[in-house]
Amino acid sequence: AALAGFVFVACKSDSGKVQSFDEDSPHVMAVSPADSTTDVSVNTSITVSFDESMYPSTISFNSDDEECSGGVQLSRDGFISCVPLSSASLSYDSDKKVFTLSPQSPLDGKVNYKIKITTDAKDLSLNPLETDFLTSSGFTTKTSGPVRSIVRRRSILVIRIPKNLN
């Protein structure tokens with residue numbers, strides 16, 4: 001009765017020795033688009049690489065509104081609000097170290113965005129990041145398409161045809 005409510009877990013390797021549990025926090029190794037990148041497509045995806053395998057359900061994000069919540073956040077205003085990310089776009093490699101996701105709609109052109117990976121992101125042993133990871137300068141998107149203003153001017157086209165076409 002003294003142990004009610006507790007769960008004890010022990011793991012043994014093939015050799016029969018008790019193995020230690022992973023108690024190390026994972027770390028973000030890289031993000032893409034990288035910090036200080038310019039002329040990034042407005043249709044870009046966000047890729048996050050970790051130094052160890054991550055528990056996929058902790059790579060969470062907000063897909064409903066502009067609230068900044070979850071393990072992966074993308075913002076243009078210092079995380080007062082965030083870009084909704086598409087739940088259908090989440091993918092990861094077989095080692096569960098590289099995760100890719102996309103905004104629900106194209107980003108605005110000529111805007112600086114920052115990426116934050118929070119301590120909600122956890123490795124397979126459910127160890128969280130030690131601290132939030134935040135890109136320092138972010139990335140800047142390029143103009144989303146052709147310039148849409150047209151300047152109309154009166155012009156006269158003069159074509160001169162030589163008399164002798166020898």
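Distance CG/Leu107 to NZ/Lys142: 12.5 Å, rounded to 0.5 Å. The NZ atom of Lys114 sits 10.5 Å away from the NZ atom of Lys116 when rounded to the nearest 0.5 Å. The CG atom of Leu74 sits 11.5 Å away from the CG atom of Asn62 when rounded to the nearest 0.5 Å. The NE2 atom of His27 sits 8.0 Å away from atom CG of Leu129, with the distance rounded to the nearest 0.5 Å. The line from CD1 of Ile59 to CG of Asp120 is 9.5 Å long, rounded to the nearest 0.5 Å.
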Could you go through residues 96-105 and list every donor-acceptor pair under 3.5 Å that involves a side-chain atom there, pairing it with any protein atom two or more places apart or in another chain?
unit_1, atom_1, unit_2, atom_2, d
Thr100, OG1, Thr47, OG1, 3.3
Ser102, OG, Ser45, OG, 2.8
Gln104, NE2, Ser63, O, 2.4

Determine, step by step, whether Ile115 and Thr135 satisfy the side chain to side chain contact (heavy atoms under 4.5 Å, CB included) criterion, reporting the C-alpha distance in whole Å, the side-chain angles of both residues, the deciding distance to 0.1 Å, and the verdict.
-> CA-CA 6 Å; Ile115 300 169; Thr135 53; 4.0 Å; yes
Begin from the C-alpha positions of Thr119 and Asp132 and carry the test side chain to side chain contact (heavy atoms under 4.5 Å, CB included) through to its verdict.
-> CA-CA 6 Å; Thr119 57; Asp132 289 350; 3.6 Å; yes
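Without hydrogens or angle criteria, Ser41 side chain to Asn43 main chain gives a donor-acceptor distance under 3.5 Å.
Residues that satisfy the side chain to side chain contact (heavy atoms under 4.5 Å, CB included) test with Ser36, not counting sequence neighbours, are Ser137. The side chain to side chain contact (heavy atoms under 4.5 Å, CB included) check on Asp24 picks up Asp22, with sequence neighbours excluded.
For the residue pair Leu124 and Met54, the shortest heavy atom distance occurs at CD2-O, 3.4 Å. A pairwise comparison of heavy atoms in Ser53 and Asp95 identifies OG-O, 2.5 Å as the closest pair. Closest approach of Gly70 to Ser60, counting heavy atoms only: CA-OG, 3.3 Å. Of all non-hydrogen atoms in Glu52 and Asp123, the two that sit nearest each other are OE1-OD2, 2.9 Å. The two residues Lys122 and Pro128 have their closest heavy-atom pair at CG-CA, 3.8 Å.
Among residue pairs with one or both ends in residues 51-91, none qualify as ring-ring contact (aromatic ring centres under 6.0 Å, His included); sequence neighbours excluded. Among residue pairs with one or both ends in residues 71-89, those qualifying as side chain to side chain donor-acceptor pair (under 3.5 Å) are Ser75-Asp77, Arg76-Asp108, Asp77-Ser81; sequence neighbours excluded. For residues 114-143, the pairs satisfying ring-ring contact (aromatic ring centres under 6.0 Å, His included) are Tyr113-Phe139, with sequence neighbours left out.
When the side chains of ILVMFWY residues are joined at heavy-atom separations under 4.5 Å, either directly or via intervening members, Ile117 and Leu90 end up in a single hydrophobic cluster. Leu134 and Leu85 fall into different hydrophobic clusters, where Ile, Leu, Val, Met, Phe, Trp and Tyr residues are linked whenever their side-chain heavy atoms come under 4.5 Å apart, directly or through other members.
Side-chain contact between Pro33 and Ile46: present, with at least one pair of heavy atoms (C-beta onward) separated by less than 4.5 Å. Using a 4.5 Å heavy-atom threshold, the side chains of Pro26 and Asn127 count as touching.
When only modelled atom types and interatomic distance are considered, Ser136 and Asp35 share a side-chain donor-acceptor pair under 3.5 Å.
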